[in-house]
Asks: 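Okay, handing you the structure first.
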Amino acid sequence: MGINIIIIISLLPLFLLISILGGTHGVDNRYDFPSDFIFGSGTTAFQVEGAAKEDGRTPSIWDTFAQSGQQTEDIDVGCNQYHKYKEDVKLMADVGLDAYRFSISWSRLIPNGRGPLNPKGLEYYNNLINELLLHGIQPHVTLYNYDLPQALEDEYGGWISPKIVEDFSAYAEVCFREFGDRVLYWTTVNEPNVFVLGGYDLGFLPPERCSFPFGQYKSCSKGNSTTEPYLALHHSVLAHASAANLYKTKYKHKQHGHIGISIYGISFAPSTNSKEDAHVAQIARQFLFDWVLRPLMVGDYSSMMKKIVGSKLPIFTKDEGNLVKGSYDFIGITYYGDLSCKYLPSNSSVEYRDVYADLQVQMRFLSRAEKSLTSAKSLKGVLEYLIQDFANPPIIIYENGFETERNSSLHDVPRVKYTMEHIQVVFDALRNGSNISGYFTWSFIDVYELLTGYETSYGLFYVDLDDPDRKRYPKLSAKWYSNFLKGKASTSLDFDPTTEELLFYS
């Protein structure tokens with residue numbers, strides 16, 4: 001046949017997976033899902049817009065973080081979606097997306113964090129939203145994604161201050177007022193259960209606050225790892241609830257939209273088979289879900305959290321608890337795979353303990369190879385956990401993606417395989433009663449990643465950063481997702497020996 005036997009063998013796992021997914025209970029294409037199920041993809045403002053110093057935009061804490069010496073790549077132009085949004089929306093329409101999830105840059109819209117609007121920022125987001133709707137694509141908007149205006153961080157410490165609640169609500173109201181006639185899905189805060197750990201405990205995410213000996217990768221010059229993660233999370237939940245209450249009381253009856261918060265759907269795997277590691281993995285999962293979700297369900301932190309954290313855990317007043325309880329229409333989930341958990345003995349009498357010491361756990365991200373073996377199974381576990389422990393709330397999976405080296409092949413078979421596996425899990429969860437209504441890949445194009453800059457990527461489209469025009473190139477995953485969304489047989493993959501490419505047939 002002219003096909004190298006080694007290539008055939010290397011593709012066997014994919015073909016076996018395709019065979020499985022093509023079975024009686026497998027997913028062939030998007031029409032196996034309910035007609036109102038939403039398929040999309042996403043990015044965020046800082047990661048794709050570029051134009052960092054153009055048209056009145058001021059720095060965010062992510063700008064400061066990227067320029068602090070940890071990451072030095074070009075962020076001023078980046079992927080340049082600010083100037084190329086029409087081209088990107090056309091690509092989305094060509095792929096067949098139902099929806100595009102993006103975030104608004106607070107410091108582009110309101111440069112000082114509060115006060116006057118930036119007309120150019122307002123114009124850009126109006127144009128982007130209108131362009132999406134023109135092509136039949138739903139805009140799903142996130143208000144906050146790691147990019148607090150630096151002005152508010154400098155003024156009062158951002159998320160560690162209760163002042164952030166009022167400023168965030170005012171910013172949210174601007175967005176509801178200006179864009180809510182066309183935006184039906186709002187996410188207030190993205191991944192609070194992660195940004196407080198990285199930004200206020202270990203110090204490896206913006207705004208790089210931590211205290212000795214808990215900081216990772218840097219010397220801690222400001223912060224308190226013992227108390228600030230709990231304060232920042234507390235204020236992010238209150239800010240979410242305040243904005244959600246504002247939307248529901250003032251705008252929802254006119255705009256008929258939905259508002260929620262997005263959390264990192266962490267799955268934990270014991271580092272070893274020991275009882276200690278298994279126990280601490282279970283506690284860590286409860287803790288990091290409960291931290292955000294329990295207040296939304298009942299208006300207070302769980303008894304487990306209160307026992308573990310003690311007096312460091314902020315208290316919701318009665319009015320705050322009533323505000324927080326039920327303050328969501330849906331819960332967004334971002335999911336990438338497991339973390340490994342190892343029991344870390346610690347002296348509970350020690351005064352200075354961070355979140356990890358409170359949990360007596362040491363965590364590490366699994367390798368790419370480890371994730372590829374466990375990720376889909378673990379997503380199933382997360383969705384089942386939400387049903388069992390949180391009364392099956394409405395769910396949208398807002399991020400799910402596979403990481404590769406940035407300049408690797410456009411022939412991203414592992415990403416296709418990963419996406420197929422996870423869509424199958426979502427389908428199975430629906431059949432088993434999960435209240436899930438959407439699935440979004442991360443990311444639509446290669447973006448500036450929070451932890452790795454431009455070293456790694458998740459995109460369906462490659463962006464040539466050496467090209468002044470930042471040309472986009474579709475990967476195999478973009479072609480597969482497009483076929484899937486257009487109702488073509490996703491199981492019809494074949495191999496062309498003349499081009500050494502997997503091809504799709506309708």
Side-chain angles (χ1 to χ4, degrees), residues 44-45 60-62 103-107 109-110 112-115 141-177 179-180 185-200 205-207 209 227-252 257-264 291-297 299-301 313-317 319-332 334 398:
T44 73
S60 72
I61 59 173
W62 200 341
S103 72
I104 290 175
S105 168
W106 187 345
S107 61
L109 188 63
I110 308 175
N112 294 322
R114 70 166 75 90
V141 174
T142 298
L143 296 176
Y144 181 77
N145 192 82
Y146 295 84
D147 57 349
L148 185 75
Q150 186 64 46
L152 299 184
E153 180 69 23
D154 293 341
E155 181 181 342
Y156 54 71
W159 291 103
I160 62 172
S161 169
K163 295 179 180 179
I164 191 66
V165 177
E166 181 179 353
D167 283 341
F168 181 81
S169 297
Y171 158 58
E173 177 156 26
V174 169
C175 295
F176 301 152
R177 184 184 71 230
F179 311 126
Y185 289 89
W186 297 97
T187 300
T188 53
V189 182
N190 190 54
E191 301 177 347
N193 56 337
V194 168
F195 85 68
V196 302
L197 293 174
Y200 298 88
L205 296 178
R209 297 182 68 93
T227 59
E228 287 188 358
Y230 298 109
L231 284 173
L233 192 288
H234 190 73
H235 295 144
S236 70
V237 170
L238 287 173
H240 153 77
S242 179
N245 180 67
L246 173 67
Y247 183 75
K248 290 182 177 183
T249 57
K250 191 172 180 179
Y251 293 95
K252 188 177 178 69
H258 314 275
I259 192 162
I261 190 171
S262 189
I263 70 169
Y264 196 95
W291 203 358
V292 180
L293 292 184
R294 192 64 63 185
L296 301 185
M297 304 294 168
D300 198 5
Y301 295 115
L313 190 65
I315 297 172
F316 290 109
T317 66
D319 287 344
E320 288 172 343
N322 290 334
L323 182 72
V324 170
K325 182 180 179 180
S327 60
Y328 65 94
D329 295 317
F330 65 87
I331 303 296
T334 69
Y398 264 145

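The analysis underlying the following values was restricted to heavy atoms, covering all of them including side chains, and did not include hydrogens, waters or symmetry mates.
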Asks: Taking side chain to side chain donor-acceptor pair (under 3.5 Å) as the test, write out the residues that go with Tyr171, two or more places apart.
Replies: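 Listed in chain order: nothing, the list is empty.
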
Asks: Which atom pair, heavy atoms only, marks the closest approach of Val196 to Ala232?
Replies: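 Here Val196 and Ala232 meet closest at CG1-CB, 3.7 Å.
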
Asks: Aromatic rings Tyr144 and Phe195: how do their planes relate, parallel, tilted or perpendicular, breaks at 30° and 60°?
Replies: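 Judged by the thresholds at 30° and 60°, the geometry between Tyr144 and Phe195 is perpendicular.
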
Asks: Is the shortest side-chain N to carboxylate O distance from Asp329 to Lys252 below 4.0 Å?
Replies: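 Lys252 and Asp329: salt-bridged.
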
Asks: Are the side chains of Ile259 and Tyr251 in contact, using a 4.5 Å heavy-atom criterion?
Replies: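 With C-beta onward as the side chain, the pair stays apart.
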
Asks: Are side-chain heavy atoms of Leu296 and Ile331 found at a separation under 4.5 Å?
Replies: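 In short, these two side chains touch, coming nearer than 4.5 Å.
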
Asks: In terms of ring plane angle, is the pair Phe168 and Trp106 parallel, tilted or perpendicular, where the classes change at 30° and 60°?
Replies: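 Perpendicular.
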
Asks: Taking only residues two or more places apart in sequence or in another chain, which ones pass salt bridge (Lys or Arg N to Asp or Glu O under 4.0 Å) with Glu191?
Replies: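 Salt bridge (Lys or Arg N to Asp or Glu O under 4.0 Å) list for Glu191, sorted by chain: empty.
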
Asks: Without hydrogens or angle criteria, can the side chains of Ser169 and Ser242 be said to hold a donor-acceptor pair below 3.5 Å?
Replies: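 Yes, because at least one side-chain N or O of Ser169 sits under 3.5 Å from a partner of the opposite role on Ser242.
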
Asks: Looking at every non-hydrogen atom in both residues, tell me the closest pair between Ala45 and Ser103 and how far apart they are.
Replies: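 That closest heavy-atom pairing would be N-OG, 2.7 Å.
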
Asks: Heavy-atom distance under 4.5 Å between the side chains of Trp159 and Glu228, does that happen here?
Replies: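 Answer no - side chains too far apart.
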
Asks: When you compare the side chain of Ser60 with that of Gln150, does any pair of heavy atoms fall below 4.5 Å?
Replies: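 No, every pair of side-chain atoms sits at 4.5 Å or beyond.
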
Asks: Check Pro206 against Tyr146 and note the closest heavy-atom contact, atom names and distance.
Replies: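 The answer is CG-O, 3.9 Å.
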
Asks: Ignoring hydrogens, what is the shortest heavy-atom contact between Asn112 and Leu152? Give both atom names and the distance.
Replies: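 Shortest heavy-atom separation between Asn112 and Leu152 comes out as O-CD2, 3.9 Å.
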
Asks: Using the test salt bridge (Lys or Arg N to Asp or Glu O under 4.0 Å), find all partners of Arg114 that sit at least two apart in sequence or belong to another chain.
Replies: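 Partners of Arg114 by the salt bridge (Lys or Arg N to Asp or Glu O under 4.0 Å) criterion, ordered by chain and then number, come out as Glu155, Asp167.
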
Asks: Donor-acceptor check, side chain of Thr317 to backbone of Glu320, threshold 3.5 angstrom: yes or no?
Replies: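 Yes: the side chain of Thr317 pairs with the backbone of Glu320.
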
Asks: Passes side chain to side chain contact (heavy atoms under 4.5 Å, CB included), Val189 versus Val237? Steps please.
Replies: CA-CA 8 Å; Val189 182; Val237 170; over 6 Å; no

Asks: How close do Thr188 and Leu143 get, heavy atom to heavy atom, and via which atoms?
Replies: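 Taking every non-hydrogen atom into account, O-CB, 3.4 Å.
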
Asks: Distance from Glu153 atom CD to Ser107 atom OG, nearest 0.5 Å?
Replies: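 These two atoms lie 13.0 Å from each other.
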
Asks: Would you indicate whether the side-chain heavy atoms of Cys175 and Ile104 approach each other to under 4.5 Å?
Replies: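 In contact.
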
Asks: Start with the C-alpha distance between Tyr247 and Glu173, add both sets of side-chain angles, then the distance that settles side chain to side chain contact (heavy atoms under 4.5 Å, CB included), and finish with yes or no.
Replies: CA-CA 8 Å; Tyr247 183 75; Glu173 177 156 26; over 6 Å; no

Asks: Looking at side-chain heavy atoms only, is the closest gap between Asn190 and Ile263 below 4.5 Å?
Replies: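 No. Closest side-chain heavy atoms not under 4.5 Å.
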
Asks: Give the C-alpha distance, both sets of side-chain angles, the deciding distance and a yes or no for side chain to side chain contact (heavy atoms under 4.5 Å, CB included) between Thr187 and Val141.
Replies: CA-CA 6 Å; Thr187 300; Val141 174; over 6 Å; no

Asks: Any side-chain heavy atom of Pro207 sitting closer than 4.5 Å to one from Trp62?
Replies: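 Contact flag for Pro207/Trp62 side chains = no.
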
Asks: Taking only residues two or more places apart in sequence or in another chain, which ones pass side chain to side chain donor-acceptor pair (under 3.5 Å) with Asp147?
Replies: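 Scan of Asp147 (side chain to side chain donor-acceptor pair (under 3.5 Å), adjacent residues dropped) gives none.
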
Asks: Run the side chain to side chain donor-acceptor pair (under 3.5 Å) test against Tyr185 and tell me which residues pass, sequence neighbours left out.
Replies: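 Tyr185: no side chain to side chain donor-acceptor pair (under 3.5 Å) contacts found.
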
Asks: Which heavy-atom pair separates Tyr328 from Met297 by the least distance, and what is that distance?
Replies: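 For Tyr328 versus Met297, the nearest heavy atoms are OH-SD, 3.2 Å.
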
Asks: Flag the pair His240 / His235 as yes when at least one side-chain heavy-atom distance between them is below 4.5 Å, and no otherwise.
Replies: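 No, their side chains stay 4.5 Å or more apart.
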
Asks: Taking only residues two or more places apart in sequence or in another chain, which ones pass salt bridge (Lys or Arg N to Asp or Glu O under 4.0 Å) with Lys163?
Replies: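 For Lys163 there are no salt bridge (Lys or Arg N to Asp or Glu O under 4.0 Å) partners, ignoring immediate neighbours.
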
